[in-house]
S.K.: 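Have a look at the structure that comes next, please.
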There are 2 protein chains.
Amino acid sequence: MSIDAIVYVVDDDAAMVESLSWIIESVGLKAKIFTQAQDFLDEYKPDQPGCLLLDVRMPGMSGPELQTKLLALSATLPIIFISGHGDVPLAVRVMKAGAIDFLTKPFNDQVLLESINRALRFDKITREKQQENAQAEAKFALLSPREVQVLQGIVSGKQNKVISSELMISLKTVEAHRASVMKKMSVRSVPELVKLVLTNGVQEHATQD
Amino acid sequence: MSIDAIVYVVDDDAAMVESLSWIIESVGLKAKIFTQAQDFLDEYKPDQPGCLLLDVRMPGMSGPELQTKLLALSATLPIIFISGHGDVPLAVRVMKAGAIDFLTKPFNDQVLLESINRALRFDKITREKQQENAQAEAKFALLSPREVQVLQGIVSGKQNKVISSELMISLKTVEAHRASVMKKMSVRSVPELVKLVLTNGVQEHATQD
DNA sequence: TAAAGTGTAGGTGAAAACCCTCAATTTCTA
DNA sequence: TAGAAATTGAGGGTTTTCACCTACACTTTA
């Protein structure tokens, strides 16, 4: 598990990456350089925190193309585009696709660093949310099919006897499942359970009666 | 209460607004035209659904200035910027500030209408969320201070006896407040209550013991 | 001043949830 | 194939919630 954030720089211009990595490292951040988008794609691990400084125009895979591939991989790494050309439609397109910033050359060092900081903060909270979500999903995966049904009943506020009649099983069995659900989801009260289910995308089908 | 969405057009170019409103009305949407940003600001009601087609450059208040003022009013009306000039930093700035699109002239009618539709869909779901939120807030406002404290206890999964000892009141009083809370919030079960509180921004201070 | 609302607290009893143990059947897996 | 997990069910107990009821002091409002 990596701790430190890495600022990935993907740009085919050797002088540019040199300059960028110098600026980045001057404030104590780690930089990792790629001169081709594909090289980055080959090496990047989705669970590595950081952000991506991405040139728009490059031989081979372009910046926007890389963005598309990362989206397809559902990698949430924040992307800061860097462009020397004033292409408004392109800038708007990549921003709509989720880029966190779009800088035009030449830009101030301070502007760059501010943008990187924003991206890293964004990445951090995104990862924290994903972390929580993954933990909830992991617990949820422990439940047997029957337990999931009972869980849904509980979360939609049904009493055990209602659940038992809907599932055509005995009240005692529902109680058993219910206790098992609380244990596996590691919660001690119904409100905690509801929160866990609601705040993490676990869908609730609200089985109607 | 207004039912139909209105596409507001704010642009100082008479020929442009003429053309825009023609396109908009050709697909059965209502258009409302302003040649000055201030005129729009004077007349717009925040609870009117719709979207805003906004020129960037105008004499008097500019498009981005109007966006800033709307943000300050926490008006969530989606804004589609229209610009004839390729100013990338400006486009990026307004997109980061929440604009839903940024079109550069000349643009295809189809592109415009697609963007308007997206904006209207966005506005619709935003308003639905705000609606739910407002209803929950309204119910929440009915609660007395003591009832709010008890509500927080319930939502954080505390038993009545725990709440009673924390608030230094009798168990019986907590029960009374609890019943009152359920009634005023018009829910029948604790899970429903938790959902209502969680999904609508009602903060829960998790009163620590 | 009277009525309404709030906060307090008690009683009774039913219903529900929670806790434990035990055990039979089936189904999955090492 | 044997053991583990899932599903089912039951007995018997405690604890908690819930639904009624009553009551009184205090504040705000009509």
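Numbered from 1 within each chain, the chains take letters A, B, ... in sequence-line order.
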S.K.: Looking at A/Ser170, I'd like to know whether one of its side-chain N or O atoms comes within less than 4.0 Å of OP1 or OP2 on D/dA10.
M.R.: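 Checking A/Ser170 against D/dA10: at least one side-chain N or O falls below 4.0 Å of OP1 or OP2.
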
S.K.: Regarding A/Thr35 and A/Asp12, do their side chains bring together a donor and an acceptor under 3.5 Å, going by distance alone?
M.R.: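 Judged by distance alone, the side chains do not pair up.
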
S.K.: Return the set of residues passing side-chain hydrogen bond (donor to acceptor under 3.5 Å, both in side chains) with A/Thr68 (not counting sequence neighbours), or none when no residue passes.
M.R.: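 Checked A/Thr68 against side-chain hydrogen bond (donor to acceptor under 3.5 Å, both in side chains); zero matches.
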
S.K.: Show the nearest heavy-atom pair for residues A/Leu198 and B/Lys195, with the distance to one decimal.
M.R.: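 Where A/Leu198 meets B/Lys195 most closely, the heavy atoms are CD1-CG, 3.2 Å.
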
S.K.: First contact, last contact: which nucleotides of DNA chain C are these for chain A, 5' to 3', heavy-atom distance under 4.0 Å?
M.R.: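 First and last nucleotides in contact are C/dA16 to C/dC19.
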
S.K.: Do A/Leu20 and A/Ile82 have side chains that approach each other closer than 4.5 Å (heavy atoms only, starting at C-beta)?
M.R.: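 Of all side-chain heavy-atom pairs linking A/Ile82 with A/Leu20, at least one is under 4.5 Å.
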
S.K.: Could I get a table of every N or O pair under 3.5 Å where one atom is in the protein and the other is in nucleotides 17-20 of chain D?
M.R.:
{"unit_1": "D/dT17", "atom_1": "OP1", "unit_2": "B/Asn160", "atom_2": "N", "d": "3.3"}
{"unit_1": "D/dT17", "atom_1": "OP2", "unit_2": "B/Asn160", "atom_2": "N", "d": "3.3"}
{"unit_1": "D/dC18", "atom_1": "OP2", "unit_2": "B/Arg178", "atom_2": "NE", "d": "2.7"}

S.K.: Check ring pair (Phe, Tyr, Trp, His ring centres under 6.0 Å) between A/Phe34 and all other residues, then give those that pass, not counting sequence neighbours.
M.R.: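 So A/Phe34 forms a ring pair (Phe, Tyr, Trp, His ring centres under 6.0 Å) with A/Phe40.
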
S.K.: B/Ala119: which residues meet the side-chain contact (heavy atoms from CB on, under 4.5 Å) condition with it, sequence neighbours left out?
M.R.: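 B/Ala119 satisfies side-chain contact (heavy atoms from CB on, under 4.5 Å) with B/Cys51, B/Pro78, B/Ile80, B/Ile100 only.
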
S.K.: Between A/Arg118 and A/Asp101, does any NZ, NE, NH1 or NH2 come within less than 4.0 Å of an OD or OE carboxylate oxygen?
M.R.: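 No.
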
S.K.: A/Ser21: what forms a side-chain hydrogen bond (donor to acceptor under 3.5 Å, both in side chains) with it, not counting sequence neighbours?
M.R.: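 Counting only residues at least two positions away or on another chain, A/Ser21 forms no side-chain hydrogen bond (donor to acceptor under 3.5 Å, both in side chains).
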
S.K.: May I ask you to say what B/Lys184 touches in the nucleic acid, namely base, sugar-phosphate or nothing, with a heavy-atom cut-off under 4.0 Å?
M.R.: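 The answer is sugar-phosphate, as B/Lys184 gets under 4.0 Å only of primed atoms, P, OP1 or OP2.
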
